[in-house]
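Residue numbering restarts at 1 for every chain, and letters A, B, ... go by the order of the sequence lines. None of the values given here were measured: they were computed from a predicted structure.
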There are 2 protein chains.
Amino acid sequence: MAEKTFLKPKLPKTRNTNKVSKPPAASKAPKASKLQQRQKKAAVVATTATPKETSRRAVTSYDVALRAGISQSAVSRCFKPGASVSPAMRALVMKVARELDYTPNAIARSLITRRSNLVAVLISNLTNLYYPEVLSELCQQFEKRGLRVLLFTLPHEADVDKMIAQVWEYQVDGVVAAARLTPQQVAEFERRQVPFVLYNRTLQDKPVNAVVCDQIEGARLLVTRLAAAGHKRLAIISGPTDSVVGQERTRGARERIAELGLAKPIIVEGNYDYHSGAAGLREILRQLGCTPDAIICGNDVMAIGCVDTARHELGLNVPTELSVVGFDGVEPSTWLSYNLTTLRQPVQMMAQAAAEMLIALIAKPDSSPEKRVFSAQFIEGGTSVLGPL
Amino acid sequence: MAEKTFLKPKLPKTRNTNKVSKPPAASKAPKASKLQQRQKKAAVVATTATPKETSRRAVTSYDVALRAGISQSAVSRCFKPGASVSPAMRALVMKVARELDYTPNAIARSLITRRSNLVAVLISNLTNLYYPEVLSELCQQFEKRGLRVLLFTLPHEADVDKMIAQVWEYQVDGVVAAARLTPQQVAEFERRQVPFVLYNRTLQDKPVNAVVCDQIEGARLLVTRLAAAGHKRLAIISGPTDSVVGQERTRGARERIAELGLAKPIIVEGNYDYHSGAAGLREILRQLGCTPDAIICGNDVMAIGCVDTARHELGLNVPTELSVVGFDGVEPSTWLSYNLTTLRQPVQMMAQAAAEMLIALIAKPDSSPEKRVFSAQFIEGGTSVLGPL
DNA sequence: TCATACGCTGCATTCGACTGCAAACAAATC
DNA sequence: GATTTGTTTGCAGTCGAATGCAGCGTATGA
């Protein structure tokens, strides 16, 4: 109460050109001011709607302005951090806003500011066990910076183009793509001048903003360690051919195997899931006619499938009869039953880097492309016999 | 070419009130028409901007209208499915739109239609292994129906209110909440008249739209089966106390244990992760001084932690010396190393139901609340010794 | 005391698409 | 041929917040 009587006289009465100029202007009055129009509308709503139900319409800044006896622009300014508003005005507006349950409309704001504060995150397959971690981290990073995440999942790699069209419609400020995209699709990002960061993907022919983990380096390291421990006959269960990451892992392993003069490895293709790891192992044994020394799997889940099948279905002892290694370092790889030898990707750092990069790019769209390459961390688990390096 | 000459004369020349009415009106002309204003602006841009760079501004429906020699409203109508537009007009507009790379601005559309086509999905912890499946399914369902997903993760159960405020700002058409919310927070959904569906949660005192799985029924079934197989001393590793689902599972198990006249079970609290399953087991053994017959874990991941610790750390044989059962039926529970006895939740059906429900609710906001209760499916795995029922 | 500066505030316009209305045309009817 | 339908189109105003500008008020200086 005390506060109210303090504020009221000090604020709206000091200067209201509105009231002063209205009576004389009434003679000419080419058209009602916005606020007046609003006043009328509000009156209509009040008489039309049932008394208790405060109307279906949302509360707008005009409603707040009306109730507080000030202009709409004042309300708007109170919700903008750096704006020029007196403390008294801000207090009054906030009070009335709270009374009316006013929330600024981000849609309307976006329209005029041309900033939606939305970022699109494209992810191919959420059930991948690896991506939820990425998504979770990205989400938190963006939320911390006042950006909202519009999630797009690309399930059957089908109508990706249709989905991407949706991205444009929502005027997102930026895109993080952790999904397989054609060069044409990436090119469209550029054409539309929408900042974007690729996650674990790059383009051959064009420099783009990307956060990646050096798969080749990692794969070579794995082979080096396996060879040093005396493994000679290696086999590979690769990721699907359309996965760039998978291809790089395979290529790195293959190259290093060749360099070390080991026998050319059998390679069977998997699709990153548990069963394809199991199937891959069986196929390798069938083709080889005997057990290889070690199997390099394109990701942890396939490695787990491989280990389980070896142990529980084929009665093979992992690691003494067969070493199995994976990639990613997902949580189950650390479980006691597996304790997988793997290359852990620094997911948190990578996601953080991607978020940072995108935010920087939004602030300064014409920066030249940057690629941030992280190294995987070698985790020596119990599914491989490795000597000291 | 042929198409162009066919369309052009047939369309804009037949009736152009614009050209006819403009010259006479020029004498009075109180103010320029919108299209004319636009024309001027476009001219400015054209002369100001470098010739090659087609300007920084986005392409709008006015640009398309200008180029096609028609009105903006015609363009708008061409992008609205059921609108009254001649085929020739539609073809022309689509052609020009393609030439200019025009994409309708969903933000502007939302403002006037009061439909954002956005749904908020609130999820507490994406790394939970169970939620990615839910999210993935929800996403696909909504995308199929033309709704976009705004993702909100609530990490440390901290500033949930601040996050929810963001939900309002974006004028979402609906909310799916698969996170712990206070009754006050849920009440705010109602106050704001935003359709919402709770996933795996309900309120005690108020009927709300919800999709749930009957945890009590499931827990009772588990106990019944364990008891029938002769297990007498049961223990429980519960979910965290603030998880309603976890509490129900515990309660159901406890009730049934009491009904069957078995000894009151030791209950230790976990937090749903692998390590708390391991820790829970150790704690139970410490408190009990010996091995219980069976341990009921609040979810699969804890059950897995429990199994692993029993087998690899304590040298206990699961299931002969100790049965372990879980809840959820997440993918790793099916892996050969575990083959967990568990209650599988029909995630896909539930997510689908939630999406359907929300969509129905958006179409008809005043429907009375509905609760859809699903039953979990009992999966008899290899971590428990169970006779035939 | 008056001039200058600065701090707040309101006005009016803007963002881009949608839509009720009426005008214009085309087709159908008498 | 005149009238009545029906279809297609353009016009102008709308959604809700942001913002350049100008005006008002107060504090400061000379």
Side-chain angles (χ1 to χ4, degrees), chain A residues 10-21 25 30-38 41 57-65 69-80 83-90 93 102-116 169 171, chain B residues 11-22 25 30-38 41 57-65 69-80 83-90 93 102-116 169 171:
Chain A
K10 173 146 196 180
L11 200 63
K13 286 189 182 168
T14 43
R15 173 190 41 205
N16 37 12
T17 48
N18 203 13
K19 268 181 191 159
V20 174
S21 63
K31 83 177 184 187
S33 84
K34 284 235 172 168
L35 204 56
Q36 281 174 276
Q37 286 177 32
R38 187 62 184 199
K41 195 178 301 181
R57 279 195 336 89
V59 178
T60 72
S61 57
Y62 281 102
D63 299 320
V64 176
I70 53 171
S71 74
Q72 178 269 329
S73 29
V75 178
S76 171
R77 273 189 273 259
C78 286
F79 282 87
K80 189 184 174 180
S84 159
V85 195
S86 68
M89 171 70 90
R90 173 161 271 134
V93 168
Y102 168 70
T103 313
N105 184 327
I107 300 277
R109 173 189 297 147
S110 303
L111 187 58
I112 187 88
T113 59
R114 295 152 173 291
R115 280 279 261 108
S116 62
E169 291 206 4
Q171 318 290 113
Chain B
L11 201 61
K13 287 187 182 172
T14 44
R15 171 189 41 201
N16 38 13
T17 50
N18 202 11
K19 270 181 189 160
V20 175
S21 64
K22 225 189 307 174
K31 83 177 184 188
S33 83
K34 285 228 175 172
L35 204 57
Q36 282 174 276
Q37 286 177 30
R38 186 62 183 199
K41 195 178 300 180
R57 276 195 338 89
V59 179
T60 73
S61 56
Y62 281 102
D63 300 321
V64 176
I70 54 171
S71 76
Q72 179 270 330
S73 31
V75 178
S76 173
R77 272 190 274 260
C78 286
F79 281 87
K80 189 184 175 182
S84 158
V85 196
S86 67
M89 172 69 90
R90 172 161 272 135
V93 167
Y102 168 70
T103 312
N105 184 327
I107 300 276
R109 172 188 298 149
S110 303
L111 187 58
I112 187 85
T113 60
R114 294 153 174 291
R115 281 279 262 109
S116 62
E169 291 205 7
Q171 318 290 110

If the cut-off is 4.0 Å, is [X] near the phosphate of [N], judged by side-chain N/O to OP1 or OP2?
X	N	result
B:Ser71	D:dC11	no
A:Arg114	C:dC15	no
A:Tyr102	D:dA17	yes
B:Ser86	D:dT7	no

> With sequence neighbours left out, what residues match B:Ser110 under side-chain contact (heavy atoms from CB on, under 4.5 Å)?
Replying inline: A:Ile107, B:Ser116
[N] [atom2] sits how many Å from [X] [atom1], rounded?
X	N	atom1	atom2	result
A:Arg90	C:dC8	CZ	C1'	12 Å
B:Arg109	D:dG16	CZ	P	18 Å
A:Asn105	D:dT14	CG	P	18 Å
B:Glu169	D:dG16	CD	C1'	13 Å
A:Leu111	D:dC15	CG	P	14 Å
B:Arg115	D:dG16	CZ	P	16 Å
B:Ile107	C:dC18	CD1	P	13 Å

>> According to salt bridge (charged side-chain N to carboxylate O under 4.0 Å, His left out), who are the partners of B:Arg77, at least two apart in sequence or on a separate chain?
In response: none
>> Checking B:Arg115 now: which residues fulfil salt bridge (charged side-chain N to carboxylate O under 4.0 Å, His left out) with it, not counting sequence neighbours?
In response: B:Asp173
>> Looking at every heavy atom in both B:Ala74 and B:Ile70, which two are closest together, and how far apart are they?
In response: CB-CD1, 4.0 Å
>> Minimum heavy-atom separation for A:Thr103 and B:Glu169, please, with both atom names.
In response: CG2-CG, 3.5 Å
> Toward the 5' end of DNA chain D, which comes first, B:Val75 or A:Thr103, by nearest nucleotide?
Replying inline: B:Val75
> Quick one: are the ring centres of A:Tyr102 and A:Tyr62 less than 6.0 Å apart?
Replying inline: no
> Is a side-chain donor-acceptor pair under 3.5 Å present for B:Gln72 with B:Ser61?
Replying inline: yes
> Taking only residues two or more places apart in sequence, or in another chain, which ones meet B:Ser76 in a side chain to side chain donor-acceptor pair (under 3.5 Å)?
Replying inline: none
> Can you tell if the side chain of B:Gln171 reaches within under 4.5 Å of the side chain of A:Asn105, non-hydrogen atoms only?
Replying inline: yes
> Which one, D:dT9, D:dG10, C:dG16, comes nearest to the side chain of B:Ala108?
Replying inline: C:dG16
What are the atom names and distances for every N/O pair under 3.5 Å that joins the protein to nucleotides 19-21 of chain C?
| residue | atom | partner | partner atom | Å |
| --- | --- | --- | --- | --- |
| C:dT19 | OP2 | B:Lys80 | NZ | 2.9 |

>> Five pairs per end, C1' atoms only: what is the angle between the end axes of the helix from C:dT1-D:dA30 to C:dC30-D:dG1, to 10 degrees?
In response: 40°
